[in-house]
Amino acid sequence: TINYTVKDNLDPSPKVKAYLTDLEEGTAIQVISGQAIEPLSIDDGFWTLTVEATDWVGNFSSSTTAKFEVIWDIQPPRSEATVHSPKFISDNETYMTSATEISLSAVDDLIEIGDGKGLGVKETKYRIDTGDWQDYTMPFNIPQESSHTITYYSSDIIGNTEQTKSLDVTVDNIPPTTEISVSSPQYTSDGKLWVSSETAVSLSVIDGGIIPCGVKYTEYKVNDGGYFIYLSTFYLSTLPEGEHTIDYRSYDNLLNVEA
């Protein structure tokens, strides 16, 4: 908006002329105080504003501003959301845990989408589900299990604002649950289980959580040995007679592990 003031000690209404000068083209556009200049109504580049006044006896005065630059910034910023690890993507669904950080970034464009030459991003805002809008200042987490929608947008320093974007994620913090079963021959007494070298040992697993991300793998070990990935039923035929302990656990696709 063009704004200027002209005062004369004796003449209450001096004649005033004001114009913008394109320093590159040498052309001028006459303007008046209070006039709003549309963003693309003048060329980009360097300009000056000159105000000339003449009072009733012919006294003349002229004032010119320092040069200023007109930049066409007509595009809003482009925001992007990034889900960091741990995460798991399956069938276009993004799973994460409450420890997973989500970050937002934005690049401001000038005239064409993707030119990255805008005057700068002023702010990025986001909200989780139907919560309040928040200023984005640092990566954030989502503590609650279940599916969530993150809505976000950015504005540049002259007010260009992008349309809201959204990201759907599912938070899963619950590990799987594994159960062990043994076939015959077997015998139980006083809380102890007796088996033979022909007894088959099987492990079955169900993933936990409101919306589980799925089981990644199950592993087991016998006594103090190392863990093996469970692939199918196994036997204890190579072990000597005596008491033995089988430990087992499962991981989901976010590496939530059962205790």
Taking the side chain as C-beta and beyond, is there a heavy-atom pair between E243 and K192 under 4.5 Å? yes
Between E145 and G209 (side chain of the first, backbone of the second, donor and acceptor by atom type, cut-off under 3.5 Å), is there such a pair? no
State, to 0.1 Å, how close L20 and F68 come at their nearest heavy-atom pair, and which atoms those are. CD2-CZ, 3.9 Å
Can you name the side-chain hydrogen bond (donor to acceptor under 3.5 Å, both in side chains) partners of Y152, sequence neighbours left out? none
Residues passing the ring-ring contact (aromatic ring centres under 6.0 Å, His included) test with F234, sequence neighbours excluded, are Y220
Does N253 use its side chain to pair, donor to acceptor, with the backbone of G214 at less than 3.5 Å? yes
Using a distance-only test with no angle check, is there a side-chain donor-acceptor pair under 3.5 angstrom linking Y19 and E52? yes
With distance as the sole criterion, is a donor-acceptor pair present between the side chains of T178 and E258 under 3.5 Å? yes
H84 and S103: side-chain donor and acceptor closer than 3.5 Å? yes
Using the ring-ring contact (aromatic ring centres under 6.0 Å, His included) criterion, which residues pair with Y126? Sequence neighbours excluded. F140
Under 3.5 Å side-chain donor-acceptor pair for N173 and S98: yes
Looking only at the side chains, is there a donor atom on one of T170 and S147 sitting less than 3.5 Å from an acceptor on the other? yes
Assess whether side chain to side chain contact (heavy atoms under 4.5 Å, CB included) is satisfied between I71 and L110, documenting all intermediate values. CA-CA 9 Å; I71 300 176; L110 190 69; 3.5 Å; yes
Test salt bridge (charged side-chain N to carboxylate O under 4.0 Å, His left out) applied to D109 - qualifying residues, sequence neighbours left out: R78
Please enumerate all residues that pass ring-ring contact (aromatic ring centres under 6.0 Å, His included) together with Y187, with sequence neighbours excluded. W194
Please determine if K125 and D135 form a salt bridge, counting it only when a charged side-chain N lies under 4.0 Å from a carboxylate O. yes
Check residues 56-64 and write down every donor-acceptor pair under 3.5 Å in which the side-chain atom is one partner and the other belongs to a residue at least two apart or another chain.
residue, atom, partner, partner atom, Å
N59, ND2, D55, OD2, 2.9
T64, OG1, T50, OG1, 2.9

Looking at W72 and I42, would you say the former's side chain and the latter's main chain have a donor-acceptor pair under 3.5 Å? yes
Under the salt bridge (charged side-chain N to carboxylate O under 4.0 Å, His left out) test, residues paired with D224 that sit two or more places apart: none
Considering only NZ, NE, NH1 and NH2 on the basic side and carboxylate oxygens on the acidic side, decide whether E80 and K165 come within less than 4.0 Å. no
When V171, D252, I211, V83 are each screened for side chain to side chain contact (heavy atoms under 4.5 Å, CB included) with Y95, the one that passes is I211
Other members of the hydrophobic cluster containing I89, with the 4.5 Å side-chain heavy-atom rule, please. none
Say you draw a straight line from CD1 of I180 to CG of L203; how long is it, rounded to the nearest 0.5 Å? 5.0 Å
Short question: side chain of Q35, backbone of I32 - any donor-acceptor pair under 3.5 Å? yes
Results of side-chain hydrogen bond (donor to acceptor under 3.5 Å, both in side chains) for S181 - residues two or more places apart only: none
Identify, with sequence neighbours excluded, every residue that meets salt bridge (charged side-chain N to carboxylate O under 4.0 Å, His left out) alongside E219. R249
Do T124 and S154 have a side chain donor and acceptor closer than 3.5 Å? yes
When you look at T233 and S202, which way does the side-chain hydrogen bond (donor to acceptor under 3.5 Å, both in side chains) test go after all the steps? CA-CA 5 Å; T233 298; S202 301; 3.0 Å; yes
Under 3.5 Å, sequence neighbours excluded: what are the donor-acceptor pairs made by side chains of residues 1-8?
residue, atom, partner, partner atom, Å
Y4, OH, S33, N, 3.3
D8, OD2, L10, N, 2.9
D8, OD2, D11, N, 2.6

Partner set under salt bridge (charged side-chain N to carboxylate O under 4.0 Å, His left out) for E241, not counting sequence neighbours: none
For the residue pair L255 and P86, establish whether any side-chain heavy-atom pair is separated by less than 4.5 Å. no
Given side-chain hydrogen bond (donor to acceptor under 3.5 Å, both in side chains), test S250 with T218 step by step and report yes or no. CA-CA 4 Å; S250 295; T218 299; 2.6 Å; yes
